[in-house]
Amino acid sequence: MPYQADIAIIGAGVVGLAIASQVASEDRDVYLLEKNETFGQETSSRNSEVIHAGIYYPKDSLKARMCLEGNALLYELCQKHRISYKKIGKIIVATNNTEAEELEKLYKRGRNNGVELKMLSHREMRQLEPNMKGVAAFFSPPTGIIDSQALMRYFLGKARDNGAQIAYRTKVIGIDKISGGYKVRVEDSHGSFSVTTKVLINCAGLHSGEVARIAGIDVDEAGYKLHWCKGEYYSVSSSKSKLVNRLIYPVPMAISGGVHVCFDVSGRMRLGPLYYYVDEIDYKVDDSRWKAFSQSPIMRALPFIECSDLEPEMAGIKASLQREGENFRDFVINHECDRDLPGFINLIGIDSPGLTSSPAIAKYVGTLVNEVLKNY
Ligand SMILES: Cc1cc2nc3c(=O)[nH]c(=O)nc-3n(C[C@H](O)[C@H](O)[C@H](O)COP(=O)(O)OP(=O)(O)OC[C@H]3O[C@@H](n4cnc5c(N)ncnc54)[C@H](O)[C@@H]3O)c2cc1C
């Protein structure tokens, strides 16, 4: 006998967990299917843990909307549920005149998106960060950092309290459309079995393109092909980490934000991520890229950091819709009724700012789910 669900969610990263916490309720059978032995073992545990403000994204894009809403929701959740966070703010700094021109454009874009930002005078730059060097900078007060594990534990607890069932070591291997929903074929250590469900939500991160494909979608034609982009971090020696107080970012001259200063909530400092595209999932930091890392623009802004202060730390991989060199691509959050897959909701290309956006994405998907179940 297959298990019967009203809603099945594939993937227990921060996005799947946030959605489970949003849609679970006493009168619904909700299953969260996760291939790893526990939640958050992939991208959601391997990132900068920054609560972004929404500066970089085109106005009215899903990324801009979800980031701004997610930023406010995360601070609310953190305060209410004692999730560790620090609203330390972020400085974006230009180290030469070309960067200063781009900084000005970025400042206008951020303001146009509705983000509270402040252009800094040279005196203010020295007051806020005496050890930072730059020709111009602005400050983003709503940017902060969060304990991403604590956030995921909170979403998991809320989902469970509302009756959601979490199945670990359970990999989705097939999806068949059936009358009134989907038959989801899964395998665990005992073999394979099925879950039937009215609503199926794909939050499989790096593998969400593959999950869409096994549901019968032509991924290339739909524009859902994912490109894996690896970001590497280096830890900074503790003697130097006291020399800055805030997140410090360079002016992004390419699509990603570039190597920046990150802190975790305990105050540990690291630099990263240095991004490059990969074909396989391997989280080892590649020593051969050390030179590129040590020449990152952020090093010009922080001349007190020497190469001997840096140690390879960790890497994360994002599920990116944009190919190398390609321009902005937005999150895909789509109810696939137009592809004759009613009740199937895809989340594809949830790269940065996916952690920040997670509670807003959950609300958005919650509305889609309510519409599907209302018409059921
Ligand atoms: C280097 C880096 C830095 C970043 N920094 C930030 C930041 O500072 N702030 C920010 O807001 N965002 C940041 N992001 C983005 C953020 O980390 C992601 O958007 C977010 O973690 C995506 O969460 P997810 O739940 O979609 O994916 P994941 O966390 O990858 O979860 C997907 C889950 O699906 C499971 N799964 C996959 N296939 C199957 C299957 N067939 N069956 C069952 N389960 C399956 C996986 O095992 C995994 O647990 C960063 C990303 C990277 C890589």
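Using modelled atom types, one finds no donor on one side chain facing an acceptor on the other under 3.5 Å when comparing Tyr224 with Ser208. Ser148 and Glu49 share a donor-acceptor pair across their side chains, judged by distance under 3.5 Å alone. If you check the side chains of Asn202 and Asn346, you find a donor sitting under 3.5 Å from an acceptor.
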Given side chain to side chain contact (heavy atoms under 4.5 Å, CB included), test Asp29 with Tyr3 step by step and report yes or no. CA-CA 10 Å; Asp29 285 320; Tyr3 290 85; over 6 Å; no
Run the numbers on Leu73 and Lys363 for side chain to side chain contact (heavy atoms under 4.5 Å, CB included), then give the verdict. CA-CA 10 Å; Leu73 288 172; Lys363 275 179 76 179; 3.9 Å; yes
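Within the model, atoms CG of Leu310 and OH of Tyr233 stand 14.5 Å from one another, a figure rounded to the nearest 0.5 Å. How far OH of Tyr276 is from NZ of Lys230: 3.5 Å, rounded to the nearest 0.5 Å. Taking CD1 of Ile10 as the start and CD of Glu210 as the end, the distance is 11.0 Å to the nearest 0.5 Å. The CG atom of Leu271 sits 10.0 Å away from the CD atom of Glu313 when rounded to the nearest 0.5 Å.
Using a 4.5 Å heavy-atom cutoff, the side chains of Arg323 and Lys225 are not in contact. At a threshold of 4.5 Å between non-hydrogen side-chain atoms, the residues Ile217 and Phe344 count as touching. With a 4.5 Å cut-off on side-chain heavy atoms, Lys118 and Glu124 count as touching. Using a 4.5 Å heavy-atom cutoff, the side chains of Arg109 and Asn113 are in contact. Taking 4.5 Å as the limit, some side-chain heavy atom of Leu368 sits within range of a side-chain heavy atom of Tyr364. Residues Leu341 and Tyr182 form a side-chain contact, since some pair of their non-hydrogen atoms from C-beta on lies under 4.5 Å apart.
Arg246 places no side-chain N or O within donor-acceptor distance of the main-chain N or O of Lys90, the cut-off being under 3.5 Å. Side chain of Ser357 to main chain of Ala360: no donor-acceptor pair is present (N/O by atom type, distance under 3.5 Å, no hydrogens or angles). Using modelled atom types, no side-chain atom of Lys183 and backbone atom of Gly174 make a donor-acceptor pair closer than 3.5 Å. A donor-acceptor pair under 3.5 Å is absent between the side-chain atoms of Thr143 and the main chain of Pro141, judged by distance alone. Side chain of Trp228 to backbone of Ile281: no donor-acceptor contact under 3.5 angstrom is found. Checked by atom type and distance alone, the side chain of Ser44 pairs as donor or acceptor with a backbone atom of Val14 at under 3.5 Å. Using modelled atom types, one side-chain atom of Arg28 and one backbone atom of Val23 make a donor-acceptor pair closer than 3.5 Å. Put simply, the side chain of Glu69 never gets that close to the backbone of Arg65: no donor and acceptor are under 3.5 Å apart. Counting only distance, with no hydrogens or angles, the side chain of Lys318 and the backbone of Ser352 share no donor-acceptor pair below 3.5 Å. Using modelled atom types, one side-chain atom of Asn71 and one backbone atom of Pro142 make a donor-acceptor pair closer than 3.5 Å.
His260 pairs with exactly one of Tyr275, Tyr249, Tyr234 by the ring pair (Phe, Tyr, Trp, His ring centres under 6.0 Å) rule, that one being Tyr249. The residue from Asp264, Val265, Thr356, Leu355 that alone fulfils the side chain to side chain contact (heavy atoms under 4.5 Å, CB included) condition with Ile146 is Leu355. Applying the side chain to side chain contact (heavy atoms under 4.5 Å, CB included) test between Ile19 and each of Leu347, Ile7, Val30 identifies Leu347 as the sole match.
With salt bridges taken as basic N to acidic carboxylate O contacts below 4.0 Å, one links Lys198 and Asp6. For the pair Lys63 and Asp351, the salt-bridge criterion is met [side-chain N within less than 4.0 Å of a carboxylate O]. Ionic pairing of Lys374 and Glu371 is not present here: no N-O contact between side-chain nitrogen and carboxylate oxygen is shorter than 4.0 angstrom. Between Asp340 and Lys177, at least one side-chain nitrogen of the basic residue sits less than 4.0 Å from a carboxylate oxygen of the acidic one, meeting the salt-bridge criterion.
In the hydrophobic clustering of ILVMFWY residues, with side-chain heavy atoms under 4.5 Å counting as a link, Leu77 and Ile361 come out together. At a threshold of 4.5 Å between side-chain heavy atoms, the hydrophobic network of Ile, Leu, Val, Met, Phe, Trp and Tyr places Leu243 and Leu302 in one connected group. There is a path of hydrophobic side-chain contacts, each under 4.5 Å, that joins Tyr57 to Leu117. Hydrophobic clustering of Ile, Leu, Val, Met, Phe, Trp and Tyr side chains at less than 4.5 Å, counting indirect connections, unites Ile92 with Ile145. Linking ILVMFWY side-chain heavy atoms closer than 4.5 Å, directly or via other members, places Val259 and Met132 in a single hydrophobic cluster.
Within a 6.0 Å radius of CG in Asp161, other residues, nucleotides and ligands contribute more than 12 heavy atoms. Surrounding NZ of Lys59 are more than 12 heavy atoms belonging to other residues, nucleotides or ligands, all under 6.0 Å away.
Nearest heavy atom pair, residue Lys284 against residue Glu232, reads O-OE2, 3.7 Å. Annotation for Glu99 and Val93: closest pair OE1-O, 4.2 Å, computed over non-hydrogen atoms. In terms of heavy atoms, Leu62 sits closest to Asp330 at N-OD2, 2.7 Å. Across all their heavy atoms, Phe155 and Ser358 have their closest contact at CE1-OG, 3.9 Å. Nearest heavy-atom pair, Tyr85 versus Cys78, reported as atom, atom and distance to 0.1 Å: CD2-CB, 3.3 Å.
By the 30° and 60° cut-offs, the orientation of the rings of His52 relative to Tyr56 is perpendicular.
Note that Lys87 lies in the cation-pi zone of Tyr75, set by a 6.0 Å cut-off to the ring centre and a 45° limit from the axis.
Here Arg339 pairs with Glu336 under the salt bridge (charged side-chain N to carboxylate O under 4.0 Å, His left out) rule; sequence neighbours left out.
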